[in-house]
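Taking it in order: structure first as structure tokens, then the write-up.
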Amino acid sequence: MGATLDWDADVVTCDPSYYRWNQWLFLRFLEKGMAYRAKAPVDWCPNDGTLAREQVEGADRHCWRCGTKVEKRDLEQWFPKITEYADELLRFDSIDWLAPIRSQQTNWIGQSEGAEVVFTAAPDDHQPGGDEIRVFTTRPDTLFGATFMVLAPEHPLVAKLTTPDRKAEVEAYVAAAQRETEIERLSTEREKTGVAIGADAINPVNGQRIPIFVADYVLATYGTGAIMAVPAHDERDFEFARKFELPIRKAVSPPGEAADADMEQAYVAHSEGEVLVNSGRFTGMSAPDGKRQIVTWLAADGRAREAITYRLRDWLISRQRYWGTPIPVIYCDQCGIVPVPDEDLPVLLPDTVDYAGSGVNPLTRDRSFVETTCPKCSGPARRETDTMDTFVDSSWYWYRYLSPAKTDGAVDRELTDRWTPVDQYTGGAEHAVMHLLYSRFWTKAMRDCGLIAEGEPFKRLFNQGQILGADGKRMSKSRGNVEDPDELVARYGADTIRLFLMFMGPWDQGGPWSPTGIGGVHRFLNRVWTLTLDPHGGEAGDPDAGRLPAGEDEATARTVLRRAAHKTLKVVTGEYESFKFNTMVAHLIELANTLMRYRGTSVAGTAEWDEAVRLLLLMLAPAAPHITEQLWSRRLAAAGDAWSSIHGETWPLVDDTAATEDVREVPVQVNGKLRDKVVVPAGISDLELEQVVLARDKIAAVLAGRSPDRVVVAGGGRLVNIVVR
């Protein structure tokens, strides 16, 4: 297919010479406090072990790799701090990425602005109270409407604050909730469930006691894992309050509505002119002013602060499986967690592995791997048996391409400064919130470690479509719908196949494979060959061979040809840059067709002809590199010039003056059938164009003395249609 590869710059991410630097980079992050270990509920696949949240797919929460249903487990895990870069990851001003990818990353990061407010547990017969319960809210203006609190089943205060008489029911509810998926818990279509824990909280704005519930529609992974429930202004809280017969108190109202009006549903709209009601000293304020002043008032004695929260969570990279980079950490009973010294890297995966036992990391059973010596105290110690998520491998590999044999560092700073960020990256849109997000984070972290200068990995990102089988399904040997490129290349040549893949449809959309039209592309390349090497020949049996198109003298024809060449150059340049390869090929075919009209005429071999052929070859070269190199060499040899490669030429510049259309070619139809073409000045009026057309010999012959019933000048003078009975 003509791919150009530098086999001296290959990177194999499963080779120790590469994953050594995964380990080295992890240790740099650890030194800078950009990675940590913590116990956390994780998504667990029985086959593949721990998954990042991005690797759990579908409403049924299945593994992205094997499709098995995912469950929750609590494990000690390693996390790089991607959340510390949330604000920077939301900025795309220095990169040219497609809007859908930017939108997916923005939504995944999920920034919300509001306030963190401190409620406290009320004292009762079983505990003295005073425990802080922090909630994040985007609507502090509704605080006076909070009539109960809800804790996530995983919240640490659930066990502490639950009263003895409520313990059995609460524990049963928590256990059931932990078996549910986040999709199930957040569904707006299911009935809300929950149980009271027997304790109350104090609302900081009015000192009122409000009951605390545990409910599965609150998640520990979003915000603080606790919410102030305002049923008057939240649909989920409204349903919950109705079910458990809890108070519903309005705190915000549209102008003119009574503060104590009955509510049949939650009022959640943000209408112009909203005011605070039932809100103490803040009653009557506009909602925006009330929001600011309530936070300022509570902040004065530490009961609130302005806050921003994110949906994004730190990247969980621990995997309980053999296949991955060993995490370079040692556990010592005396010294605790000890990083592996740089001089002991890489920590190698063992060559022989016992895979017995589904879902169990075989490294845990390999004593020669696990048992080691503490680098600090020389006492007995244990290696970390988790390996890194393989998305770590793909988060920085392009930097390693520049110096794959470098042994004294992960990257060569001089080369990365010269060559990165990557100018153009192409990849699938399915990587939006995994590889593409991780690579942006990893680049920023490497920058902050002083390893590289840039903060973005790829300047420009395009997503390619996929060529499917003829049956419209992804190509697969098992489906028997695979097209063998070797067979196609052997039959048509690599350039034909390359061009046809570009021509068959928009590059970013793809579509089913169909060989229809491949012969047309092959004939186009044959025409390019003929135009370059045999400009003075003519088509056998063509009565018009050697004649200029009707209405053109040689001077006009030269102008038309040069204009066509530079107009094509202008359009094709933009189409290459925007990856519109299908229309690029179409415009090159158009230019070749224009040249064919002048082949064998007095225009062939002129300076304008030679320039047009030269531009055609240069424009075609990136797409069809082999035939253009051959034709370029033959042109140089014929001219007696020294050989040089067409691929070493600079991209040609457009002559805007030549590309400006001062004349145009207008097709002429009679009763809808093409009968003639006429070249006229670009600024000609419709009336003048009609007069020129009716004076043409070809048109007079077709009309045969009949007067036209109507002459229609369409498309701003781009087409003339004569209607005659």
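Only this structure's heavy atoms are used, side chains among them; waters, hydrogens and symmetry mates stay out.
Side-chain atoms of Tyr18 come within 3.5 Å of backbone N or O of Asp393 as a donor-acceptor pair. Put simply, the side chain of His155 never gets that close to the backbone of Ala226: no donor and acceptor are under 3.5 Å apart. Between the side chain of Thr387 and the backbone N or O of Arg321 there is at least one donor-acceptor pair closer than 3.5 Å. For the pair Arg413 (side chain) and Gly450 (backbone), a donor-acceptor distance under 3.5 Å is present. Under a 3.5 Å cut-off, the side chain of Arg303 and the backbone N or O of Val117 do not form any donor-acceptor pair. Of the possible polar contacts, none joining the Arg305 side chain to the Glu116 backbone as a donor-acceptor pair under 3.5 Å is found. At distances below 3.5 Å, not a single donor-acceptor pair connects side-chain atoms of Arg37 with backbone N or O atoms of Glu76. Put simply, the side chain of Tyr322 gets close to the backbone of Pro350: a donor and an acceptor are under 3.5 Å apart.
Residues Leu98 and Leu461 have side chains not in contact (no heavy-atom distance under 4.5 Å, counting atoms from C-beta outward). Using a 4.5 Å heavy-atom threshold, the side chains of Val170 and Ile197 count as touching. Proximity of Pro204 to Phe119: side-chain heavy atoms (C-beta onward) are separated by under 4.5 Å at one or more points. Using a 4.5 Å heavy-atom threshold, the side chains of Met502 and Trp507 count as separate. Taking the side chain as every heavy atom from C-beta outward, Gln105 and Leu89 never approach each other to under 4.5 Å. Counting only heavy atoms from C-beta outward, the side chains of Glu384 and Pro326 never approach each other to under 4.5 Å.
One finds no salt bridge joining Asp314 and Lys81 here, because no Lys/Arg side-chain nitrogen approaches an Asp/Glu carboxylate oxygen to under 4.0 Å. A salt bridge links Glu456 to Lys444: one of the charged nitrogens lies within less than 4.0 Å of a carboxylate oxygen. One finds a salt bridge joining Arg28 and Asp342 here, because a Lys/Arg side-chain nitrogen approaches an Asp/Glu carboxylate oxygen to under 4.0 Å. For the pair Lys32 and Glu84, the salt-bridge criterion is not met [side-chain N within less than 4.0 Å of a carboxylate O].
Distance CD/Gln23 to CG/Asp344: 10.5 Å, rounded to 0.5 Å. Between Gln320 atom CD and Leu363 atom CG the span is 10.5 Å, to the nearest 0.5 Å. With values rounded to the nearest 0.5 angstrom, Leu501 atom CG is found 11.5 Å from Phe581 atom CZ. For the atom pair Glu454 CD and Ile95 CD1, the distance stands at 12.0 Å (nearest 0.5 Å). The line from OG1 of Thr325 to CG of Leu348 is 11.0 Å long, rounded to the nearest 0.5 Å. To the nearest 0.5 Å, the span separating OH on Tyr173 from OG1 on Thr193 amounts to 3.0 Å.
Exactly one residue among Asp43, Asp389, Asp386 makes a salt bridge (Lys or Arg N to Asp or Glu O under 4.0 Å) with Arg319. That residue is Asp389.
Counted within 6.0 Å of CD on Gln466, heavy atoms from surrounding residues, nucleotides or ligands total more than 12; the atom is thus considered enclosed. More than 12 heavy atoms of other residues, nucleotides or ligands lie within 6.0 Å of CD in Gln464, so this atom counts as buried by the packing criterion. Shown here is Lys406, whose NZ atom has more than 12 heavy atoms of other residues, nucleotides or ligands within 6.0 Å. Annotation: Arg474, atom CZ; neighbour count of heavy atoms from other residues, nucleotides and ligands within 6.0 Å does not exceed 12.
Pairs of residues two or more places apart, or lying in two chains, never qualify as salt bridge (charged side-chain N to carboxylate O under 4.0 Å, His left out) while including a residue from residues 92-110.
Ring orientation note: the planes of Trp651 and Tyr576 are nearly perpendicular, at an angle over 60° on the 30°/60° scale. The aromatic rings of Phe458 and His435 lie tilted to each other, with the angle between the two planes from 30° to 60°.
Aromatic rings of Phe29 and Trp396 (six-membered ring for Trp) have centroids beyond the 6.0 Å cut-off, not under it.
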field: Test side chain to side chain contact (heavy atoms under 4.5 Å, CB included) applied to Leu157 and Ile212, step by step
entry: CA-CA 11 Å; Leu157 285 178; Ile212 303 174; over 6 Å; no

task: Determine, step by step, whether Tyr331 and Ile337 satisfy the side chain to side chain contact (heavy atoms under 4.5 Å, CB included) criterion, reporting the C-alpha distance in whole Å, the side-chain angles of both residues, the deciding distance to 0.1 Å, and the verdict.
output: CA-CA 5 Å; Tyr331 300 103; Ile337 298 175; 3.7 Å; yes

query: Could you go step by step and tell me if Lys160 and Asp131 meet the salt bridge (Lys or Arg N to Asp or Glu O under 4.0 Å) rule?
result: CA-CA 10 Å; Lys160 182 177 182 180; Asp131 287 291; 2.8 Å; yes

Derivation and outcome, side chain to side chain contact (heavy atoms under 4.5 Å, CB included), residues Tyr401 and Trp419: CA-CA 11 Å; Tyr401 278 149; Trp419 284 100; over 6 Å; no

Derivation of the side chain to side chain contact (heavy atoms under 4.5 Å, CB included) call for Tyr217 and Ile227: CA-CA 10 Å; Tyr217 73 90; Ile227 67 163; 4.0 Å; yes

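For the ring pair (Phe, Tyr, Trp, His ring centres under 6.0 Å) test, residues two or more places apart in sequence or in another chain that qualify with Phe441 are Tyr85.
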